[in-house]
Amino acid sequence: MQHVLSMGKIFFRQIRPFHSSKSVKTGFIILIGLFFLTGFVFVQSGCSQIKTRKQTELVSEKFNFETEDGTAKLIGDCANIGNYHPIQVQGYGLVNGLPGTGGDDVNSLERRMVYDEMTRMGIRDVRAILANPTTAVVNILGYMRPGIQEGDFFDVEVRLPPETSAKSLRGGWLMTTKLEEMAYLGGSLKEGKTLALVQGPIMIDDPLATESSNPSGLKQGIILSGARVKESRSLILNMKSGAESVFATDRIAKEINNRFFVSAGQKKGMATAKTDSLIVLDVHPDYAKDVARYVRVILAIACYENPAKQLRRIERLKTELLIPEKSQQAAFQLEAIGKKGIESLRSALNNPNPEVRFHAATSLAYLGDGTSAKILAEIARNEPAFRVYALNALSVLRTDIEAEMALQELLHVSSAETRYGAFRALYNRNQYDRTIRGENLGNQFSYHGITTNAPAMVHISKSKRPEIVLFGSDIYLKQPFGLEAGAIIFVNGQSPQNVVVKKFVLSGIDEQRTVSNKLDDVIRAVVELGGTYPDVFQMLIQADQMKVLSCRLEIDCLPEPNRVYHRPGSNNDNNEPVQESAKKKTIWERMNPKNWFNSNPGEKSSDFEGTINTSERE
């Protein structure tokens, strides 16, 4: 305002020398105009300031990140997790290498899809290839888990179409095939984006099946870790109704990135606010094997909290951590706070209640604190309900010597699932660990020999990855015996101390190897003759059934998740500990995504994935 008055004075000094009434009149008119302009600008400025304050009040009122009692709201109070379901992918491919058990069906959808794809690729004589008895067209189905990363592998199911004349997939190899999301739209099948590529040897559903005993068991199978992901799957956070705003999503993304980030050259957070209602959430590498836990921790992060209130909340959580009914959620919140929650978690490690010790030790492991290693090893050894999660937590402590030593000690216990679970934890922690380091035998499967004081055991996998682990060095096949390793390799143990492994070929000269009856020698001979993992798998199943294997054979003997834990003094009718001999799911049950997830996102049935819910269940 003073600036405008000064301008008026200067203007009058400039017009005074003219002594003209017309000039003076003109000056007054201009000065009045300046006053009106100044008033207009002042009013607009004032209105703008009032409007800004009003907007601030509305933002503060609408996005109050505190509950009615003054504590901080958690992300779970303001947002829901999304993209947290398995994606079904499928494709149609060609299997080759069959020993005359293939076939063709010119009228099937699968055959037409494969024919069109091979024609697009410029392959000649497609009809002749499809009609060859060494090939068969198959339907492929798989499920991509939430949070799966580019380059990760997953199992797929392979089936012969109902109309096919092919009789068996034993010995077959699936050629490289695209896996896509597919849907019927407008009466026709529409293909989506290619999400993975799959290839590899087929392990039939029943390794001992024959055309007379179980023909259907020959017509379906799996390829272990045969599909490779082309693009990572991110999780998402959807803001709840009434909480949608750019202000809120930016705030929440910032809090997540303060807690979870990677430093590859420069700091990169896991969360990106995309809209006023959507946040894209990448999976932190430390939680790649336990996405369910990652989700629970993310939802337990405070949306916003000043340091003083955070200290008060930490003190409250320290108390709740010691109450078994509240221990799990308190541990999640302290884990979500990060390094500042470590001391409170450590204070619970000597609590007499095993549930309290378990939750505190597990959260400490995910915070990189090795003081929890001994507690977790003790829990893995003695408490079946917590075993799978304790082993997974130990695997997260990748550079901690105590965690490594604790897992190595568990390789010698009598429990088969604890032994193999410890092996898997060591492998996930560091696959080059000197204790468990193996080899990629014949570029077919992972092969490991473990020196152990416990009784000898052979472990083979029918999920996750092709793998054989020999616990003990003196494992052999009792003679006499005769075994099959696939469709064209036979293992003859009729001669004392000698075993003849022979490969029969349709054209050319048969090959053979003569080795000792040690299992290691026999396995290596089968692979040298071109045997695949399904071939060796079949041989071991047959040896166990015929009782010629000198030790026990276990398949997928991992600790089961979602076991019931009965709290001491609970009113359960059956308060007996969970038995380790619980019935294992079949491969087809494990492939069904309905068996992967429960309604609680903290409960999943998969290898070391999921967070135990220790509430009492009926």
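Along the sequence shown, residues are numbered consecutively beginning with 1. Quick caveat, the model's predicted, so the values are computed rather than measured.
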Nearest atoms (heavy-atom pairs only) where N353 meets P324: ND2-CG, 3.5 Å

Would R346 and E343 pass as an ion pair if we require N to O under 4.0 Å? yes

With a 4.5 Å heavy-atom cut-off, do I523 and F445 have their side chains touching? yes

Backbone N/O of L410 and side chain of R381: donor-acceptor pair under 3.5 Å: no

If you compare all heavy atoms of T362 against all heavy atoms of A393, which two are closest, and at what distance to 0.1 Å? CG2-CB, 4.0 Å

Please confirm whether the backbone N or O of A209 pairs with a side-chain atom of R170, one donor and one acceptor, at under 3.5 Å? yes

Whether D286 and R398 form a salt bridge (side-chain N of Lys/Arg under 4.0 Å from carboxylate O of Asp/Glu) is what I want to check. yes

Heavy-atom closest pair (E231 atom, K193 atom, distance to 0.1 Å) is OE1-NZ, 2.5 Å

Keeping the roles fixed (side chain from Q149, backbone from G147), state whether a donor-acceptor pair exists under 3.5 Å. yes

Heavy-atom pair of closest approach, residues N139 and Q90: OD1-NE2, 4.3 Å

Whether the D556 and S463 side chains hold a donor-acceptor pair (N or O, under 3.5 Å, no angle test) is what I'd like checked. yes

Non-hydrogen side-chain atoms of T452 and M457 separated by less than 4.5 Å: no

Would you say N350 has more than 12 foreign heavy atoms packed within less than 6.0 Å of its CG? no

I'd like to check L235 versus V291 (side-chain heavy atoms, cut-off strictly below 4.5 Å). Are they in contact? yes

Drop me the distance from K230's NZ to L197's CG, to the nearest 0.5 angstrom. 5.5 Å

Spatial distance of atom CE (M203) from atom CG (D535) [nearest 0.5 Å]: 9.5 Å

Judged by modelled atom types alone, do T435 and Q408 share a side-chain donor-acceptor pair under 3.5 Å? yes

Hey, are the side chains of S446 and R465 touching, using non-hydrogen atoms and a 4.5 Å cut-off? yes

Do we see a donor-acceptor contact under 3.5 Å between the side chains of R293 and S363? yes

Can you name the closest pair of heavy atoms from R567 and E325 and give their distance? NH2-CA, 3.9 Å

Measure across I140 and G93 and return the closest heavy-atom pair with its distance rounded to 0.1 Å. CD1-N, 3.8 Å

Value for CZ (R429) from CG (L407), rounded to nearest 0.5 Å, stands at 7.0 Å

Do the side chains of I468 and F537 get nearer than 4.5 Å, heavy atoms only? no

Strictly by modelled atom types, are R387 and T418 linked by a side-chain donor-acceptor pair under 3.5 Å? yes

M239 and C78, any side-chain heavy atoms less than 4.5 Å apart: yes

Report yes if some heavy atom in the side chain of Y565 is under 4.5 Å from a heavy atom in the side chain of F358; otherwise report no. no

Step through it carefully: locate the ring centre of F386, locate the ring centre of Y389, and say whether they are under 6.0 Å apart. no

Rounded to the nearest 0.5 Å, how far does CD of E255 lie from OH of Y304? 8.0 Å

Would you check, one step at a time, whether the test side-chain contact (heavy atoms from CB on, under 4.5 Å) holds for I460 with I541? CA-CA 9 Å; I460 53 179; I541 294 290; 4.0 Å; yes

Quick one: does R357's side chain have a donor or acceptor within less than 3.5 Å of a partner on I379's backbone? no

Any chance NZ of K340 has more than 12 other-residue heavy atoms, nucleotides or ligands included, within less than 6.0 Å? no

Show your reasoning for whether side-chain contact (heavy atoms from CB on, under 4.5 Å) applies to L549 and L519. CA-CA 8 Å; L549 190 60; L519 183 61; 4.0 Å; yes

Take Y287 and M270 through the test side-chain contact (heavy atoms from CB on, under 4.5 Å) and record every step on the way to the result. CA-CA 12 Å; Y287 292 79; M270 297 291 102; over 6 Å; no

Whether F471 and Y420 hold their rings parallel, tilted or perpendicular, with breakpoints at 30° and 60°: perpendicular

Any donor-acceptor pair under 3.5 Å from N257 side chain to A271 backbone: yes

Between T194 and E180, is any side-chain donor less than 3.5 angstrom from a side-chain acceptor? yes

With F332 as reference, evaluate I298, V297, L317 under the side-chain contact (heavy atoms from CB on, under 4.5 Å) test and give the passing residue. V297

Around atom NZ of K73, are there more than 12 heavy atoms from other residues, nucleotides or ligands closer than 6.0 Å? yes

Going through the distances and angles, do E383 and E355 end up as a side-chain contact (heavy atoms from CB on, under 4.5 Å)? CA-CA 10 Å; E383 182 48 69; E355 186 177 355; over 6 Å; no

Validation row: R552, C557 side chains within 4.5 angstrom (heavy atoms): no

